[in-house]
Amino acid sequence: MFYLVCFDIVDDKTRRRAVKIIGEYGCRVQKSVFECPGLGEKRFLTLRNRLEEVIDNLWDTVRFYRLCSACLKETEFVGIGEPPRDDSARIV
């Protein structure tokens, strides 16, 4: 499954830790937005749990948007960058 992960984290140190964690699962497309393709349920839960351990639940927010392949095809953007890619399916 393809996940869009967005965060608003107040503390710089906490933000850096969160960025490092999310970066293990996807690629950064904006300062506080990551695209995480190909996450199965287990990897997604691991990502979410790791972030829950890092953030301050009173001040910080991390949002996870699950996007199906049909939604990905409908994604639009303007400006620089590339459209989201779902690398979860491979033909062997």
Practice item. Could you go through the side-chain contact (heavy atoms from CB on, under 4.5 Å) check for Asn49 and Glu52 one step at a time? Key: CA-CA 5 Å; Asn49 290 339; Glu52 281 183 304; 3.3 Å; yes
Review point. Under 4.5 Å between any side-chain heavy atoms of Val33 and Arg28, yes or no?
Key: no
Review point. Is there a path of hydrophobic side-chain contacts, each under 4.5 Å between heavy atoms of I, L, V, M, F, W or Y residues, that connects Ile80 with Phe77?
Key: no
Point to revise | Pairing of Glu41 and Arg66 as salt bridge, 4.0 angstrom limit | key: yes
Review point. Would you say Trp59 and Ile55 are hydrophobically clustered, going by side-chain heavy atoms of ILVMFWY under 4.5 Å?
Key: no
Exercise for review: Verify side-chain contact (heavy atoms from CB on, under 4.5 Å) between Phe64 and Leu51, making sure each step is shown before the conclusion.
Suggested key: CA-CA 11 Å; Phe64 306 93; Leu51 290 170; 3.9 Å; yes
Check your understanding: Step by step, would you call Cys36 with Phe2 a side-chain contact (heavy atoms from CB on, under 4.5 Å)?
Key -> CA-CA 6 Å; Cys36 301; Phe2 188 99; over 6 Å; no
Revision key, fill the gap. Paired with Val54, the side-chain contact (heavy atoms from CB on, under 4.5 Å) test is passed by just one of Thr14, Asp11, Asp60, Ile9, namely Thr14
Review point. Of all residues at least two apart in sequence or in a different chain, which pass the side-chain contact (heavy atoms from CB on, under 4.5 Å) check with Arg50?
Key: Ile21, Glu24, Tyr25, Thr46
Point to revise | Which residues share a ring pair (Phe, Tyr, Trp, His ring centres under 6.0 Å) with Tyr3, sequence neighbours left out | key: Phe44
Exercise for review: Using a cut-off of 6.0 Å, state whether more than 12 heavy atoms not belonging to Arg43 lie near its atom CZ.
Suggested key: yes
Point to revise | side-chain contact (heavy atoms from CB on, under 4.5 Å) assessment of Val19 paired with Arg16 | key: CA-CA 5 Å; Val19 164; Arg16 283 191 296 271; 5.7 Å; no
Point to revise | Least distance between heavy atoms, Glu35 atom then Leu4 atom | key: CG-CD1, 3.8 Å
**Study point:** Side-chain touch Phe7/Arg63, heavy atoms, less than 4.5 angstrom
**Key:** no
Review point. Looking at Cys6 and Tyr65, what are the two nearest heavy atoms and their distance?
Key: SG-CE1, 4.1 Å
